[in-house]
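Just follow the structure's listing: the first ligand is 1, and inside any ligand the first atom is 1.
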Amino acid sequence: MENKYKQNILITGGAGFIGSHVVRLFVDKYPEYNIINLDALTYAGNLANLKDIENRPNYTFVKADICDFDSILKIFKDHNITGVIHLAAESHVDRSIKDPFTFARTNVMGTLSLLQTAKECWNSPYEGNCFYHISTDEVYGTLQFDGTFFTETTKYDPHSPYSASKAGSDHFVRAFYDTYGLPTIVTNCSNNYGPYQFPEKLIPLFINNIRHNKPLPVYGKGENVRDWLYVEDHARAIDLIYHKGKIADTYNIGGFNEWKNIDLIKVIIKTVDRLLNRPEGQSEKLITYVTDRAGHDLRYAIDSSKLKNELGWEPSLQFEEGIEKTVKWYLDNQEWMDNVTSGDYQEYYQKMYINR
Ligand code: NAD
Ligand code: DAU
């Protein structure tokens, strides 16, 4: 298909949490690019996340499953796709413990189907093409409380079915560069937080539970550590790396912002209580220690100095500011939260896209 755009970029998983921020950034910042958002609209996909940009001329949504090779091939050809930013995945560790097959299917086979399509549609030496795969720090396994960090050369050591499936997909992406010369980039990022995150994940789940005076299920002793990054900072890093990153390279993305779960939870409680004009600390009584997550990694911490030194990226938001913005967003967007928790969002959009 001939068109007036400089690039036709396929963003997979664009109806999800991080994907919606990436789609919005690209649609806003690059009117000269044609952005095609491909998403299967699983329970985690919600087109309400993109309501503000859905009618832009340089934006198209396509409902498809990344595992459906024939459909993906057709979409590539129909839209003359020149670049891929691949975020579609099953992303929640607890679900992967209950249903590992779905994670292997989507994360490994789905990624493979996209890679194979790109290889068939693009011509060696692949001038101007890029297949950018978004991955996680969880592939590196776990750290102890010893001040060390994950770097780009840390050996893979995944422990959950989720991280094992993401590790598998990362290996396939690199194998496609090594074997076929497909121009690929992989990034491994730490925990994201911010608006539009599905409320199965710690931060939105706890904000919503505090609001409704529901128990806050803290796994184990609450001593596990995660490294938190505001989602728009991740999207900015993806933009930079897509344009300036070195083909075949890997970059770690993180906030140098480690929090023990229980300390983070207390910050969330304090912020929600203050914004709801409740007495300070009132909701601490909701903290409920529950059985630990199986195979729960103790500590994640990303060293993102390569990205800073080579491409000049740094997080723009201090954590205090980011968490304040995030809590406020969820409290101000109760309708979004209610639609997600009731399941209404799915019925609406699924109906809209059935048989298209
Ligand atoms: P998410 O669960 O919010 O969104 C995933 C999206 O993928 C959804 O819109 C869903 O509908 C779509 N999807 C799922 N299966 C699909 C399929 N078979 N075909 C097409 N679309 C499908 O996930 P997220 O938190 O936004 O994560 C996005 C990516 O970033 C994932 O690859 C994840 O591994 C990675 N990542 C996430 C984090 C984080 O903290 N959330 C951190 C590092 C890396
Ligand atoms: O590190 C990057 C990863 O971060 C991403 O690859 C994943 O897609 C993303 O889901 C996230 O994984 P986590 O397992 O770290 O996120 P989650 O929000 O599920 O949990 C954060 C921490 O809080 C973790 O140590 C488990 C704990 N937790 C979580 C939930 C949902 C609780 O104690 N109670 C809970 O109810």
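- Only the side chain of V93 comes within contact range of ligand 2, with a heavy atom under 4.0 Å; no backbone atom does.
- Relative to atom 32 (O) of ligand 1, the option among K166, R95, H133, E90 with the closest non-hydrogen atom is K166.
- With hydrogens and angles ignored, the 3.5 Å screen pairs a side-chain donor or acceptor of R236 with a backbone N or O of E314.
- The shortest N or O to N or O distance between L38 and ligand 1 is not under 3.5 Å.
- With contacts defined as side-chain heavy-atom distances shorter than 4.5 Å, the pair N209/P217 qualifies.
- Residue Y162 has at least one heavy-atom neighbour below 4.0 Å for each of these atoms of ligand 2: 5 (C), 6 (O), 7 (C), 8 (O).
- The distance criterion of under 3.5 Å between nitrogen or oxygen atoms is not met by C189 with respect to ligand 1.
- Each of the atoms 1 (O), 2 (C), 3 (C), 5 (C), 6 (O) of ligand 2 lies under 4.0 Å from some heavy atom of T136.
- The option from W228, Y300, Y219 that lies nearest to atom 29 (C) of ligand 2, judged by heavy atoms, is Y219.
- Remark: among candidates T288, N261, L298, the nearest residue to atom 22 (C) of ligand 2 is N261, based on non-hydrogen atoms.
- W122 and F131 have perpendicular rings, their planes meeting at more than 60° on a 0 to 90° scale where under 30° would count as parallel.
- Ligand 1 has no atom lying under 4.0 Å from any heavy atom of T12.
- Proximity to H296 (heavy-atom distance under 4.0 Å) selects the following atoms of ligand 2: 24 (C), 25 (O), 26 (C).
- Checking only distances, A88 never comes within under 3.5 Å of ligand 1, N or O to N or O.
- Note on ligand 1: Y162 sits in its first shell, one or more heavy atoms being nearer than 4.0 Å.
- For R95 and Y43, the positive end sits near the middle of the six-membered ring, less than 6.0 Å away and at most 45° from its axis.
- N257 and W259 share a donor-acceptor pair across their side chains, judged by distance under 3.5 Å alone.
- The closest approach between a heavy atom of S135 and any atom of ligand 1 is below 4.0 Å.
- The shortest N/O to N/O separation between D39 and ligand 1 falls below 3.5 Å.
- The single protein non-hydrogen atom nearest to atom 21 (C) of ligand 2 is L202 CB, 3.9 Å, given as residue, atom name and distance.
- Closest to atom 1 (P) of ligand 1 by heavy atom, among S91, G254, G14, is S91.
- Remark: K306 is positioned above the aromatic ring of Y251, its terminal NZ or CZ atom under 6.0 angstrom from the ring centre and at most 45 degrees off the axis.
- Considering only heavy atoms from C-beta on, I85 comes within 4.5 Å of I238 through its side chain.
- A salt bridge links D65 to R105: at least one charged side-chain nitrogen sits closer than 4.0 Å to a carboxylate oxygen.
- Ranked by closest heavy atom to atom 20 (O) of ligand 2, the top entry among R226, R293, E138, H92 is R293.
- Note that CG of L114 and CG of L10 are 7.0 Å apart. Values are rounded to the nearest 0.5 Å.
- The closest non-hydrogen atom to atom 42 (C) of ligand 1, taken over S190, C67, G13, comes from S190.
- Near E200, meaning under 4.0 Å from one of its heavy atoms, ligand 2 places the atoms 31 (C).
- The option with the heavy atom closest to atom 38 (C) of ligand 1, from among I18, N107, I203, T136, is I18.
- Set against the non-hydrogen atoms of L205, the atoms of ligand 2 under 4.0 Å away are 36 (O).
- For atom 1 (O) of ligand 2, the closest heavy atom belonging to the protein is D137 OD1, 2.5 Å.
- Contact atoms of ligand 2 toward P217: 32 (C), 33 (O), 34 (N), 35 (C), 36 (O) (distance under 4.0 Å to a heavy atom of the residue).
- In this structure, R226 forms a cation-pi arrangement with Y300, its terminal cationic atom sitting closer than 6.0 Å to the ring centre and no more than 45° off the ring axis.
- Close approach of ligand 2 to K201 is summarised as follows: ligand atoms under 4.0 Å from at least one heavy atom of the residue are 10 (O), 18 (O).
- Side-chain contact annotation: S190 with D137, donor-acceptor N/O pair under 3.5 Å absent.
- For the pair D146 and R299, the salt-bridge criterion is met [side-chain N within less than 4.0 Å of a carboxylate O].
- The pair D239-K29 meets the salt-bridge criterion, with a side-chain N (NZ, NE, NH1 or NH2) lying under 4.0 Å from an Asp/Glu carboxylate O.
- Between R274 and E324, at least one side-chain N (NZ, or NE/NH1/NH2) sits under 4.0 Å from a carboxylate O, which counts as a salt bridge.
- With respect to atom 4 (O) of ligand 1, the closest heavy atom belonging to the protein is G16 CA, 3.4 Å.
- In the candidate list G16, S91, S160, S91 is nearest to atom 7 (C) of ligand 2, counting heavy atoms.
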